Structure formats: C-alpha cells, structure tokens
Amino acid sequence: MSEHSSNTPEKPTLDGVEARWMQQWEADDTYHFDRTGTRDQVFAIDTPPPTASGALHIGHAFSYTHTDTIARYQRMRGKHVFYPMGWDDNGLATERRVQNVTGVRCDPSLPFDPDFIAPYTGDVPKDHRPVPVSRPNFVSLCHSVIHDDEEVFEQLVRRLGISIDWSLLYTTIGERSQRASQRAFLNNLARGEAYQQDAPTLYDIDERTAVAQAEMEDRDVPGAYHKIAFHRSDGDGDLLIDTTRPELLASCVAMVAHPDDARYKPLFGSTVRTPLFEVEVPVLAHHLADPDKGTGIAMICTFGDTTDVTWWRELNLPSRALIGFDGRMAIDTPPWITSTGGQAAYAHVAGLGPKQAQRKIVELLLESGEMLGEPRPINHPVKFYERGSRPLEIVATRQWYIRNGGRDEALRNALLERGEQLIWHPAYMHNRYQNWVGGLNGDWLISRQRFFGVPIPLWYRLDDDCNPVHDEILIPDGARLPIDPSVACPEGFTDDQRGKPGGFVGDPDVMDTWATSSLTPHIAGGWIDDPELFARVFPMDMRPQSHDIIRTWLFGSVVRSHLEHGCVPWTHATISGWILDPDRKKMSKSKGNVVTPINLLQEYGTDAVRYWAASGRPGVDTAVDEGQMKIGRKLGTKLLNATKFVLGFGEPPAGAVPSAPVDLAMLSRLAEVIDEATRAFDEFDYARALERTESFFWWFCDDYVELVKGRAYGTQGDDAAHGAQAALRQALEIIHRLFAPFLPFVTEEVWSWWRVGSVHRATWPDSQPLASGGDASQLLPVSEVLGAVRRAKTEAKLSQRAAVDELIVTGPRAALEAIEACRTDLAEAGGIAQFTLSEGEPLTTTVRLAPSTDTRVGH
RNA sequence: GGGUGCAUAGCUCAGUUGGUUAGAGCACCGCCCUUACAAGGCGGGUGUCGGGGGUUCGAGUCCCUCUGCGCCCACCA
C-alpha cells in the first residue's frame, strides 16, 4: 500500500460518490469471496433473502446495513468474508404479486396453453375477474415477473453499499435451491423425520392451502355467543350451551363438561338430541372443559377449533366434517342426519359459506325456539393465516410433516439445547426461541396446495380405480434432482402410465417456502453442488434476521441443520429490531405508513442513511429519523473537509514522526478508540463502534486540529511542523479505516485521494503501535483550557481571533504539566500572550482578554 | 395466564464489569465570514435518571416491589 501524492479536489463533494464507487467496486470485484482460505480464515454470513417484490423497504436498508458493517469489519480484519445474497421468490408472496399484476388465477385442472398472454402487465382494474390459467402457464408468468423485480432489487442493494459478492447470488425457486430442498426432504424421509398424515389441518379457504403453526396469528374479531338448547333424550328438559359457531351444529358429535362439574356429572353417559338436525350425541367428560366458560358445557364439532380436534382424538369421536376446502357446507345432506326434519333443516344451509350458514342457522333456531335470547356480541381471538383475510377452518387432509419436536419430547429437548448453543445478539432474543419451541403443539406441516414452489419430489402408485395409494411412495434417484413429479417419471415407469390404473401420479403439492429457506446455508454454501465450498463455510458464523421470524426461518434452519448435520447452522444469531415510522408506530403495508428508502437515499446520500441505520442499537426497534440522516450527511462532509485540510500540508519528509506530547496523547486516545471499536465489533455492536469513532473524530476536528494547526503550518519551525503533520496523517488514516464499515462511499472517496487500493480491503487499524509514549489523560486539561478561552470570547461577544492578554490557570500539578507541555500550541490557537499557572484545586481558568475584559470561567 | 424488553433533558437516544459535579445530537437562543469546512464554526440553559423500598463507603447502573408502554407465546366452547 504505497502512498502517492495527494489528489485532493479543490471543492470536495459527496455528490456522485455512490455512482462512482458502485461502479468501481463492481469493476474491481472488491467484495469477491476468496474460497481458497481454510474454514478459520472465513467469515460466513447467512444473509436473509428478501422477497423481491418491487419496492425496497426502509427496513431492508436498516438491517442490511447492520450486517454489512460487520462484514466490512471482518473483511478488514483479514477474513475471507462469504457474503451472498439471495432472493426469496418462491411461495405465496410471489403468487399473489403475479395475480395482482397480471390478472390471472391458477387453475391446476386446466391444460397448458403455449400461446397464453397475460391480460395485464401492471395495474389490474379493480373490477377485473381473474383469468384462470394452467399451472405451467402460471409458473412461467411467476418466473418472468420475479426476474424483473430482482434486477431492480439488486440495483438497490448495490446502491445501499452492501458488500455482497454477487457471484454467490441464489434464488429460492432456482435450480440449486430446488435440488437442496428436495434432497434435504428425501433425506428427512429416509431417516423417518418426514412423514405424511391424514388429519384435521388448519386450512386457509381463500388460498386453498394448509397452513403451519408458525404462519398463524391470532386476531381479535367480533363474534357472538349464541345460547342453544339441546334436548335431553330422557325427555327431562334441555341442556344449554353457548357457542360462537352455531353454523357447525350439524357437525356436532358430542357434548363435553369437566369431570368434576356437579351440574353435569349425572348426565355423563347419557345422550342429547341436537336442535334442528335431531342427531343423538353423547354427553362426555374431559378435563379441558372449563366450567367457567359459557354454561360450563360445550358442544364438540368436527371441527370448530383446535380443542375440538383434541376432544375428537382423545374421546374417540366420529368425524362429521361438513366444511370443505372452499369453506362451504357440503352440498349433499350428510348420512348422520336421518330425521326428515333434520334433513329439511340441512337443505337450508347446504352449499353456504360460513357467514351465510351462520345467519341461516340462527334464523332457523329462532323460528324453532331452540335459541334463547339474542346473540351476545363479543370480541374474541381467532386463528388466521398471517397473510390471510378469513379465519382458518379445520379440514381433514393428507399433508407432509417434518418432525420438529412438537410431538416428541426428546427431539424438542435436543432443539432447545441447540438454542442454548447459539450465541444470541441481543442475548434475550433466546427467550423467544425457547418460548416458541416449548409451546409447539405439532410437527411442521410443510406441504402446501400451491403452485410456485419447490415440488414435493414424490409419486404415488395408483390402484385399479385410479386412486392414489399414499403408502406406496415412489422416490426419485437423488442424482435426478430437482424434479417436478408432474413432468418427470418415476424409475421403472413410463410416462404413459401417468394417471392410469396401476400406474402412478405425482404429488400435486409444493413445499412451504420456509422448508426451502430453512436451508439457505446449504443453498448458498453449495451443500450438494460444491461440497468443497460447503466445508469452508458451514456451519456459518452469522445469521442476521429480525425477531418476527425466529419461529419460522431461524427455528426451521436449526431443525434442518440438527437433523441433517447434528449441529447448529451458525455460531451467532444477530437479531435486528423493527423499523417504526417517524411517529414510532410499527411500519406495515396495511397501515400505509411504509417509507421507501429511495427518496431518503437521494436526499441525504447512502452513507447518511447508513449512519442512521448504524446508530440503531442491535435488536432495538428504531424509528425512521431524518434528523440522524442529516447528521450523517454532515459527518460525511466533515470527513471530506478534514481530509482535504490534513492532506493539504503535503507529505512530510520520510522519517518525520509525531513527538510532541499532545500529538502522542492524541494517538494514545485514538488507540483506546481502536480497542473499543474492535471489542464492540467483535460483540456485533456496530452502533457502539460507530459512536466511539464518531465522538473521537469530532473531538479531533474541534480541539486537536485547532490546537496544532499553527504548528503544522510551520510557526514553530520545520521539524515541529513535520511532527504535527505526521500525527495528523497517521490519525487521519486510522479514522478513514474506522469509518469505512459505516460510510463506505465517503471513506473510499477520501482514501482514494492519497492511498492506493480500496479502503475496504485495507487492514483494520491496530492500536499497538500507537499506545506507547502518549498519555491520553493530558488531553482533558488542554480541552478544558481551549473551551474556557472560547467561552470567554463568546461571552464577550468577540471573534475567536480576539487576543488574550493573560491566561491564569489554577489546577493540580498533572493538569498544569499537560498545559505546559503544549503551551505554544495553546498560545497560538487561543491568541494567548501570557500564561500564569499555579497549583491548587480545583481546576480553574481565568481568561483576561485584550481590551482588559476579565472573564472568569471555571468550576 | 407465562415470558420478555423499555422507562434518563422539550424530542431521539448513549451511559461496557456500581466510582469524582449524569452525557450526545436535534430543537431553541447567542456570537463569529477564524487561510479544511457559512448547506459551516464556537458557545449557552434545562434532568426528583418512572414511583417506593433494600444492599453498599458509594446506585442511572445490583436486588425486591409497584406503575405505564411495547413485543412474543398460550387461551379461543
């Protein structure tokens, strides 16, 4: 790294630095990952692959900056930084976006139409009815839309100065991802960790797909209690229940009360008759029944909620499910309704959706007098798919699961143990993991009845009636992956056996997007395709992500890594906070308060936006704050000007070294800053590293530079000037490097004025050579005197150039010695004619200004 | 109901293992065209560190408790 003569611009500016250096970094491949290093030389980051859906969110700028500062720091420490980017383009988010911009809807029963053209490419009118298209047509539309989105995204990430090695780019729908995802699934299957089950499943009736526990959320929605009378079969009156879902009456299979409930104890074992449908159902006891809820006795339906599923399973009840995949009541009158009256009642609700069915049932109950009083409105929590708009229904379906400890204590404990092994930043985020894993109530449902995803790589034998025999799984050879079973043919079969009696059929489902993204270390690290690379990067060093996806992405990744490799997938989990809008409200698309970073980048510049982001403490929710960006902008400008000033002296002669006590003291303080920044970065506390560096830098500019300016200009002779210049340059060079992780553009700019190569490939500063000889504590009294002189002049409403006749300082010996040691510098900086120093406590400074104005300042 | 985080100047926040008079920026006010910087620089005031109790020579920092706000999980008849 040789110096060359400075080419400082006449008028330094931040304008245009982004474009210039983005291009240069790309041309120089500055962030290229050198894969020749051994594992301990590598720092590997499991970057979150964003859903590349058009606009970058300010939250991306926030959290990606955090990770990038760490990446840049590690790179300067000499690590081979493995910093890939991925696009999470598989899954429902993309499907929805494609539906919204092209005006189509996938109908897998349709045949492929090679000439199909989407009705729209952009804004679809509100009244447009989606055009049904075949699955291959739909998938191909998805591919073309995401391709465009991802180009835009890449430019934005580059513009944010994120030091990605773009040659490592992956997409979760790409071939590498599909291969890794299918291979991992087949490995799970072979080891018995993946299994299929036909069971009641929470199901989104709009998206027509099963949903995993991790993707559900509770929402408070209005509902109402309906008090309904069931007729005791012994004719001895009615049994009253409260229900929020009267529309499920026809699915009632039993009544249940707590075993100790004296009110109902005598009835256990007897039967009652359901209103309207006149079906006999037993009265049973179960400890989950809560005597304080409603009337203390509940009707069990298949299936109103998850408690119904538990009762159904544990009490061995029959299944009388009526709600179909579309959320509507079955058209045909079910066989368990045998009375004429019951059948007539059912005819009224057959085929209705949940809301209409409820209205109709209530109407019928009121007519028959079996509902007591009006419905009593309440608000109650109901399970929704997190992206859904109607409550989930419970439908019995065959689905694929991966064991995650939800039904197996040993596995659960093993996964809790993995959570212990991870180093969490901040540490308390570990609680969320424990909370989640401890509260799992089932295995991980990974099959989705969707289209744009990684197919489940299996076929099933068909029986003589063309029904799939789900126990007879046909598994592809691993070398063929990835495969699409709707196109590929199982070994030993020919394509003309597809869908034929005795032939085969492909599994129609795709995997949950998390089932693929839980393998990002494998996908990015080349698990299947590049084992040599994988051995160098896995387990990775760092997984950055936000706390809302601990239960999905983080936990899923731990599950996969545990099952596949018996280890955690990374050493550190760094959890970033959320972005709040300027009013400190959580930012969300639905609230319409989302801030796009592009305007902020244009107005303040990338470094300024990064400065704001890096000021947000790890894990802390942070509000968008343009004030911070203004400060960041100012900091960048200051760096330009300070650099221009220091370099303006030219290069001192070879051999010139800092020797004045104040110079050595400054360097010694800087050594402390290096140590603190280094320690902070090693603990992933970028914000602290920035804060230390920044406060040093402002002190450096305000006090130190002002103090030594005269000497550097040569007022005390050439040797003194060269010493000051050497100190200034030495400090400046370190300041450039300390700021480089935060302000990549402006630091690269100023570095280029006097150094060869990229500052981002320079080594992280070492405090060792600076620490000797200086005494940082000397700087305090010196700053004190400078401040006192300035204050005196300001209060006297004089220019800072005003002369001081006499400076009288009383203070402890050490302070006086420090002042004495840079007396000439102080005299020049403050225009001080005479010093009078005397020992005493406390430190007091009296400033006698030239026109005989006395100002006493001190404590 | 279980868990967890936060509460410091008008605002946004920093205060690393307890240690001298509690800090920064913004905002507000004043001064200064000082040869790096006027889209600058210099200077200024403001705090029962949420309430109460405890440990300690010493508490913003540790313990207990209460209050308020937020988040995660559970409950869903």
Side-chain angles (χ1 to χ4, degrees), chain A residues 8 11-12 14 217-218 220-221 223 225-226 228 241-245 248 255-257 288-290 293-301 304-308 311 378 380-383 391 426 428-441 547-548 550-551 577-578 580 582 584 586 612 615-617 619-623 625-628 630-631 633-634 637-649 676 679-680 683 685 687-688 691-692 694-695 698 701-702 705-706 709 713 786-802 829 831 842 857 859:
Chain A
T8 313
K11 186 78 186 161
L14 295 174
E217 63 183 23
D218 285 354
D220 251 355
V221 295
Y225 276 124
H226 302 75
I228 298 176
I241 60 118
D242 273 321
T243 179
T244 56
R245 301 205 58 186
L248 293 175
M255 311 293 284
V256 66
L288 278 182
D290 183 350
K293 260 185 196 157
T295 60
I297 189 161
M299 67 168 181
I300 303 175
C301 304
D305 60 38
T306 50
T307 318
D308 279 344
W311 282 324
I378 53 157
H380 64 154
V382 174
K383 281 198 191 310
Y428 60 77
M429 289 295 179
H430 181 205
N431 293 314
R432 304 216 176 189
Y433 178 91
Q434 287 186 307
N435 229 324
W436 176 253
V437 180
L440 286 170
N441 55 31
H547 51 66
D548 54 334
I550 288 174
R551 66 185 192 170
W578 270 347
L580 309 172
R584 307 202 57 72
K586 187 183 154 190
W612 156 74
S615 305
R617 270 25 226 190
V620 176
D621 294 348
T622 303
D625 184 353
E626 295 193 38
Q628 281 295 109
K630 284 181 188 152
I631 300 166
R633 178 87 182 174
K634 259 175 69 172
T637 305
K638 192 79 175 174
L639 203 51
L640 291 176
N641 287 317
T643 302
K644 178 186 158 197
F645 173 71
V646 171
L647 298 184
F649 294 110
E676 285 186 86
R679 206 177 315 127
E683 289 164 11
D685 190 351
R688 185 177 184 79
E691 192 263 324
R692 302 275 84 178
E694 188 192 6
S695 57
W698 284 105
C701 292
D702 293 348
V705 168
E706 291 304 323
K709 195 183 262 185
Y713 274 121
L786 268 180
V789 170
R790 286 174 181 152
R791 210 171 305 138
K793 293 177 182 178
T794 298
E795 282 168 10
K797 306 206 171 194
L798 292 173
S799 155
Q800 291 298 327
R801 299 172 77 188
V857 192
H859 300 288

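Below, read A as the first sequence line, B as the second, and so on, with proteins coming before strands; counting in each chain starts at 1. Quick caveat, the model's predicted, so the values are computed rather than measured.
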Roughly how far apart, to the nearest Å, are [N] and [M] at atom [atom1]?
{"N": "B:G41", "M": "B:G18", "atom1": "P", "value": "38 Å"}
{"N": "B:G30", "M": "B:G70", "atom1": "P", "value": "40 Å"}
{"N": "B:G50", "M": "B:U8", "atom1": "P", "value": "6 Å"}
{"N": "B:G15", "M": "B:U55", "atom1": "P", "value": "29 Å"}
{"N": "B:C13", "M": "B:U20", "atom1": "C1'", "value": "25 Å"}
{"N": "B:A14", "M": "B:G5", "atom1": "P", "value": "15 Å"}
{"N": "B:A59", "M": "B:C49", "atom1": "C1'", "value": "11 Å"}
{"N": "B:A39", "M": "B:U34", "atom1": "P", "value": "15 Å"}

Out of [options], whichever nucleotide has its closest atom nearest the side chain of [X]:
{"X": "A:Tyr428", "options": "B:G5, B:G41, B:U12", "answer": "B:G5"}
{"X": "A:Ser799", "options": "B:C32, B:G43, B:A77", "answer": "B:C32"}
{"X": "A:Arg801", "options": "B:U34, B:C42, B:C37", "answer": "B:U34"}
{"X": "A:Trp578", "options": "B:G30, B:A77, B:C72", "answer": "B:C72"}
{"X": "A:Asn435", "options": "B:G2, B:G43, B:C37", "answer": "B:G2"}
{"X": "A:Thr243", "options": "B:C73, B:G41, B:A77", "answer": "B:A77"}

Under 4.0 angstrom between [X] side-chain N/O and [N] OP1 or OP2:
{"X": "A:Lys634", "N": "B:G25", "answer": "no"}
{"X": "A:Arg432", "N": "B:C72", "answer": "no"}
{"X": "A:Thr244", "N": "B:A77", "answer": "yes"}
{"X": "A:Lys793", "N": "B:U34", "answer": "no"}

- Message: Between A:Val620 and A:Gln800, which residue's closest nucleotide on RNA chain B lies nearer the 5′ terminus?
- Response: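 The 5'-side residue here is A:Val620.
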- In terms of the nearest nucleotide of RNA chain B, which residue is placed more toward the 5' end: A:Asn431 or A:Thr643?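 Upstream on the strand: A:Asn431.
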Separation of [X] atom [atom1] from [N] atom [atom2], in whole Å?
{"X": "A:Ile631", "N": "B:C13", "atom1": "CD1", "atom2": "C1'", "result": "10 Å"}
{"X": "A:Leu786", "N": "B:G43", "atom1": "CG", "atom2": "C1'", "result": "13 Å"}
{"X": "A:Asp305", "N": "B:A77", "atom1": "CG", "atom2": "P", "result": "7 Å"}
{"X": "A:Ile300", "N": "B:A77", "atom1": "CD1", "atom2": "P", "result": "14 Å"}
{"X": "A:Gln434", "N": "B:C72", "atom1": "CD", "atom2": "C1'", "result": "13 Å"}
{"X": "A:Arg790", "N": "B:G41", "atom1": "CZ", "atom2": "C1'", "result": "9 Å"}
{"X": "A:His547", "N": "B:C72", "atom1": "NE2", "atom2": "P", "result": "8 Å"}
{"X": "A:Asn641", "N": "B:A39", "atom1": "CG", "atom2": "P", "result": "12 Å"}

Just jot down the salt bridge (charged side-chain N to carboxylate O under 4.0 Å, His left out) partners of [X], sequence neighbours excluded, or say none.
{"X": "A:Asp218", "result": "A:Lys383"}
{"X": "A:Arg790", "result": "A:Asp703"}
{"X": "A:Asp242", "result": "A:Lys227, A:Arg376"}
{"X": "A:Lys709", "result": "A:Glu706"}

- Item | Under the side chain to side chain contact (heavy atoms under 4.5 Å, CB included) test, residues paired with A:Glu683 that sit two or more places apart |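 Only A:Arg679 meet the side chain to side chain contact (heavy atoms under 4.5 Å, CB included) criterion with A:Glu683.
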- For A:Ile631, check side chain to side chain contact (heavy atoms under 4.5 Å, CB included) against everything at least two apart and list the hits.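 With sequence neighbours excluded, A:Ile631 shows a side chain to side chain contact (heavy atoms under 4.5 Å, CB included) to A:Tyr611, A:Gln628, A:Glu694, given in chain and number order.
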Between [X] and [Y], which heavy-atom pair has the shortest distance, and what is it?
{"X": "A:Cys701", "Y": "A:Lys638", "value": "CB-CE, 3.7 Å"}
{"X": "A:Trp612", "Y": "A:Asp625", "value": "NE1-N, 3.6 Å"}
{"X": "A:Met299", "Y": "A:Asp308", "value": "O-OD1, 4.0 Å"}

- Query: Is there a donor N/O on one and an acceptor N/O on the other, under 3.5 Å, for the side chain of A:Asp218 and the base of B:C75?
  - Reply: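 Answer yes: a donor N or O sits under 3.5 Å from an acceptor.
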Contact class for [X] vs. all strands (heavy atom < 4.0 Å): base, sugar-phosphate, or nothing?
{"X": "A:Trp612", "result": "nothing"}
{"X": "A:Val705", "result": "base"}
{"X": "A:Asp290", "result": "base"}
{"X": "A:Ala687", "result": "nothing"}
{"X": "A:Thr637", "result": "nothing"}
{"X": "A:Lys709", "result": "base"}
{"X": "A:Cys301", "result": "nothing"}

- Note on the structure: Symbol by symbol from the 5' end, with Watson-Crick or G-U pairs under 3.5 Å, [ ] crossing and | another strand, RNA chain B is (((((((..((((.....[...)))).(((((.......))))).....(((((..]....))))))))))))....
- Message: Pair A:Thr643, A:Thr8 - check side-chain contact (heavy atoms from CB on, under 4.5 Å), show working.
- Response: CA-CA 8 Å; A:Thr643 302; A:Thr8 313; over 6 Å; no
- Message: side chain to side chain donor-acceptor pair (under 3.5 Å), that's the test. Do A:Thr794 and A:Gln800 meet it? Break it down for me.
- Response: CA-CA 7 Å; A:Thr794 298; A:Gln800 291 298 327; 3.2 Å; yes
- With A:Arg692, which residues qualify under side chain to side chain donor-acceptor pair (under 3.5 Å), at least two apart?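 Side chain to side chain donor-acceptor pair (under 3.5 Å) check on A:Arg692 returns A:Glu676.
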Review item, nucleotides 15-20 of chain B N/O atoms under 3.5 Å of protein N/O:
residue : atom : partner  : partner atom : Å
B:U16   : O2   : A:Arg688 : NE           : 3.3
B:U16   : O2   : A:Arg688 : NH2          : 2.9
B:U16   : N3   : A:Arg688 : NH2          : 2.3
B:U16   : O4   : A:Arg688 : NH2          : 3.4

- Message: Quick one: does any side-chain atom of A:Lys644 pair with a main-chain N or O of A:Pro12 as donor and acceptor, under 3.5 Å?
- Response: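 Pair absent, no side-chain N/O of A:Lys644 close to backbone of A:Pro12.
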